2 protein chains.
Amino acid sequence: MKVTKQKKLEAKGWKVGSVTDFLDLSEEESAYIELKLSLSHSLKEHRSKKKLSQIEVAKIVKTSQSRVAKMEAGDPSVSIDLLIKSLLALGASSKDLAKAIA
Amino acid sequence: MKVTKQKKLEAKGWKVGSVTDFLDLSEEESAYIELKLSLSHSLKEHRSKKKLSQIEVAKIVKTSQSRVAKMEAGDPSVSIDLLIKSLLALGASSKDLAKAIA
DNA sequence: TGTTAATATGTCAGATATGACATATTATTT
DNA sequence: AAATAATATGTCATATCTGACATATTAACA
């Protein structure tokens with residue numbers, strides 16, 4: 001991972017592995033983060049396509065507007081579980097999910 | 001969802017939606033569960049292919065044998081996050097994941 | 001068969017994610 | 001520009017997930 005990219009992620013609140021295990025973790029760690037960002041992006045896409053506000057999505061998904069914002073922002077406090085549950089709630093199919101993360 | 005299937009899932013420890021929102025939730029709920037089971041299955045596949053014991057996988061993934069067993073069993077206490085992190089740790093690519101859940 | 005390795009199941013204290021709220025920032029509309 | 005809607009950010013109590021441990025069950029094999 002480039003240092004610039006790492007800083008960018010850290011700035012967003014990601015705790016990237018310490019220098020010690022930098023090389024060990026970076027590959028799967030970055031794969032995991034990119035996966036999450038793909039789902040975030042896909043969620044935003046689905047919302048746009050349906051022309052819904054974050055509040056409306058929050059209703060559908062049974063969460064709050066602020067958490068929807070965090071989901072779309074790829075905040076480290078949101079789990080892949082929540083992203084996937086939300087996408088399914090918005091009508092995404094498993095094939096949609098597969099396409100998003102491939 | 002068939003009642004028989006629901007009972008089977010409940011027997012495994014899944015809390016399936018109450019009767020009230022049965023129809024509402026069942027579709028995305030079952031999609032979510034099936035997704036998780038797909039990943040569980042994929043994890044077991046990866047382990048088999050590498051001929052590793054659950055203890056060895058636990059070392060690699062930095063967890064315990066019992067949690068690996070639960071992951072493979074599709075236990076409701078394991079998150080999709082953990083399944084995905086584990087798969088990545090075993091060398092799965094994002095395309096592998098996409099294929100698993102499609 | 002008895003011994004041993006592998007996997008499964010139950011439990012729990014600590015760690016992480018969650019919804020909700022307040023409030024800040026940024027678009028959009030009048 | 002002012003008002004209003006939409007989105008973003010910070011925080012926190014509660015809920016859920018986690019690794020670890022003990023122990024049960026099952027598989028493999030001498």
Side-chain angles (χ1 to χ4, degrees), chain A residues 8-18 25 29 32-33 35-37 39-41 43-90, chain B residues 8-18 21 25 28-29 32-33 35-37 39-41 43-90:
Chain A
K8 211 171 158 189
L9 288 170
E10 283 175 350
K12 276 196 167 187
W14 290 96
K15 276 184 200 162
V16 176
S18 68
L25 293 184
E29 200 171 34
Y32 172 77
I33 292 175
L35 194 59
K36 230 164 116 169
L37 293 180
L39 293 171
S40 295
H41 187 253
L43 183 66
K44 198 162 191 172
E45 288 263 293
H46 271 78
R47 182 168 72 86
S48 295
K49 190 170 278 178
K50 295 194 156 196
K51 302 202 175 173
L52 299 170
S53 69
Q54 291 183 345
I55 291 180
E56 292 172 304
V57 169
K59 280 255 169 63
I60 295 169
V61 176
K62 286 169 186 162
T63 180
S64 59
Q65 176 271 323
S66 56
R67 193 135 295 275
V68 173
K70 279 160 193 165
M71 284 194 241
E72 290 185 356
D75 190 284
S77 83
V78 337
S79 70
I80 288 185
D81 286 70
L82 185 61
L83 285 165
I84 285 181
K85 281 180 184 170
S86 301
L87 279 161
L88 292 174
L90 289 190
Chain B
K8 210 172 157 191
L9 288 170
E10 283 176 350
K12 276 198 166 187
W14 290 95
K15 275 184 200 160
V16 176
S18 67
D21 44 25
L25 292 185
E28 75 188 73
E29 201 170 33
Y32 171 77
I33 292 174
L35 195 58
K36 230 165 118 169
L37 293 179
L39 293 171
S40 296
H41 187 253
L43 182 66
K44 198 163 190 171
E45 288 263 294
H46 272 78
R47 181 167 73 85
S48 295
K49 190 171 278 175
K50 296 194 156 197
K51 302 200 175 174
L52 298 170
S53 69
Q54 290 184 345
I55 290 181
E56 291 172 305
V57 169
K59 280 254 168 64
I60 295 170
V61 176
K62 286 167 186 164
T63 180
S64 59
Q65 176 270 324
S66 56
R67 193 134 296 275
V68 173
K70 277 159 194 167
M71 285 194 241
E72 290 185 357
D75 190 285
S77 82
V78 337
S79 69
I80 287 184
D81 287 70
L82 185 61
L83 284 165
I84 285 180
K85 282 180 183 169
S86 301
L87 279 161
L88 293 174
L90 288 191

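Just so it is clear, the structure is predicted and the values come from calculations on it, not from any experiment.
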request  = For B/K51 and C/dA6, give me the distance from atom NZ to atom P, rounded to whole Å.
outcome  = 14 Å
request  = Pick base, sugar-phosphate or nothing for A/V78, based on heavy-atom distances below 4.0 Å to the nucleic acid.
outcome  = sugar-phosphate
remark   = Nearest heavy-atom approach of A/V61 to A/A89 is CG2-CB, 4.2 Å
key: Shortest non-hydrogen contact between B/L52 and B/L90, atoms and distance   = CD1-CD2, 4.4 Å
query = Got A/E56 and A/K50 here, is their nearest side-chain heavy-atom distance under 4.5 Å?
reply = no
key: Rounded distance in Å - NZ (A/K62) to C1' (D/dA15)   = 17 Å
request  = Give the rounded distance in Å between these two atoms: CD1 of A/I84 and C1' of C/dT18.
outcome  = 17 Å
remark   = For B/A58 and B/S64, the nearest pair of non-hydrogen atoms, with its separation, is CB-C, 3.5 Å
inquiry  = Just to be sure I understand the rule, does A/T63 reach a base, reach only the sugar-phosphate, or reach nothing, if contact means heavy atoms closer than 4.0 Å?
reply    = sugar-phosphate
List every contact pair, protein side and nucleotides 4-7 of chain D side both N or O, where the distance is under 3.5 Å.
from  : atom 1 : to    : atom 2 : distance (Å)
D/dT7 : OP1    : A/R47 : NH1    : 2.8
D/dT7 : OP2    : A/Q54 : N      : 2.8

remark   = Sorted by chain and number, sequence neighbours left out, side-chain hydrogen bond (donor to acceptor under 3.5 Å, both in side chains) with A/S79 holds for none
inquiry  = Output the rounded distance in Å from CD (B/E56) to P (C/dA6).
reply    = 8 Å
ask   = If you measure from CG on B/L88 to CG on B/L83, what distance do you get to the nearest 0.5 Å?
value = 11.0 Å
inquiry  = Could you walk me through whether B/L37 and B/H41 satisfy the side chain to side chain contact (heavy atoms under 4.5 Å, CB included) test, starting with their C-alpha distance in whole Å, then the side-chain angles of each, then the deciding distance to 0.1 Å, before giving a yes or no?
reply    = CA-CA 6 Å; B/L37 293 179; B/H41 187 253; over 6 Å; no
ask   = Can you find a heavy atom in the side chain of B/E28 that is under 4.5 Å from one in the side chain of A/K85?
value = no
What pairs of nitrogen or oxygen atoms, one from the protein and one from nucleotides 27-30 of chain D, lie under 3.5 Å apart?
none

query = Are the side chains of A/L35 and B/I84 in touch, meaning some heavy atoms are under 4.5 Å apart?
reply = yes
key: Test item: A/V78 and A/R67 side chains (from C-beta on) under 4.5 Å apart, heavy atoms   = yes
B/M71 CE - C/dA6 C1' separation (whole Å) = 16 Å
ask   = Rounding to a whole Å, what distance do you find between A/D81:CG and C/dG19:P?
value = 11 Å
inquiry  = Tell me the interatomic distance from A/L83, atom CG, to C/dT18, atom C1', rounded to whole angstroms.
reply    = 13 Å
note = Heavy atoms of B/L39 and B/I80 approach each other most closely as CD1-CG2, 3.9 Å
query = How bent is the helix from C/dT1-D/dA30 to C/dT30-D/dA1, comparing axes over its five end pairs at each side, to the nearest 10°?
reply = 50°
ask   = So do A/V57 and A/M71 actually touch side chain to side chain, heavy atoms under 4.5 Å?
value = no
Dump the pairs, protein N or O against N or O of nucleotides 10-14 of chain C, anything under 3.5 Å, distances to one decimal.
from   : atom 1 : to    : atom 2 : distance (Å)
C/dG10 : N7     : B/K70 : NZ     : 3.3
C/dG10 : O6     : B/K70 : NZ     : 3.1
C/dT11 : O4     : B/K70 : NZ     : 2.9

remark   = In this structure, CD of B/Q54 is separated from NZ of B/K59 (nearest 0.5 Å) by 13.5 Å
query = Which nucleotide, D/dG19, C/dT18, D/dC17, lies nearest any side-chain atom of B/S79?
reply = D/dC17
query = How would you list, by chain and number, every residue that makes a side-chain hydrogen bond (donor to acceptor under 3.5 Å, both in side chains) with A/S40, sequence neighbours excluded?
reply = none
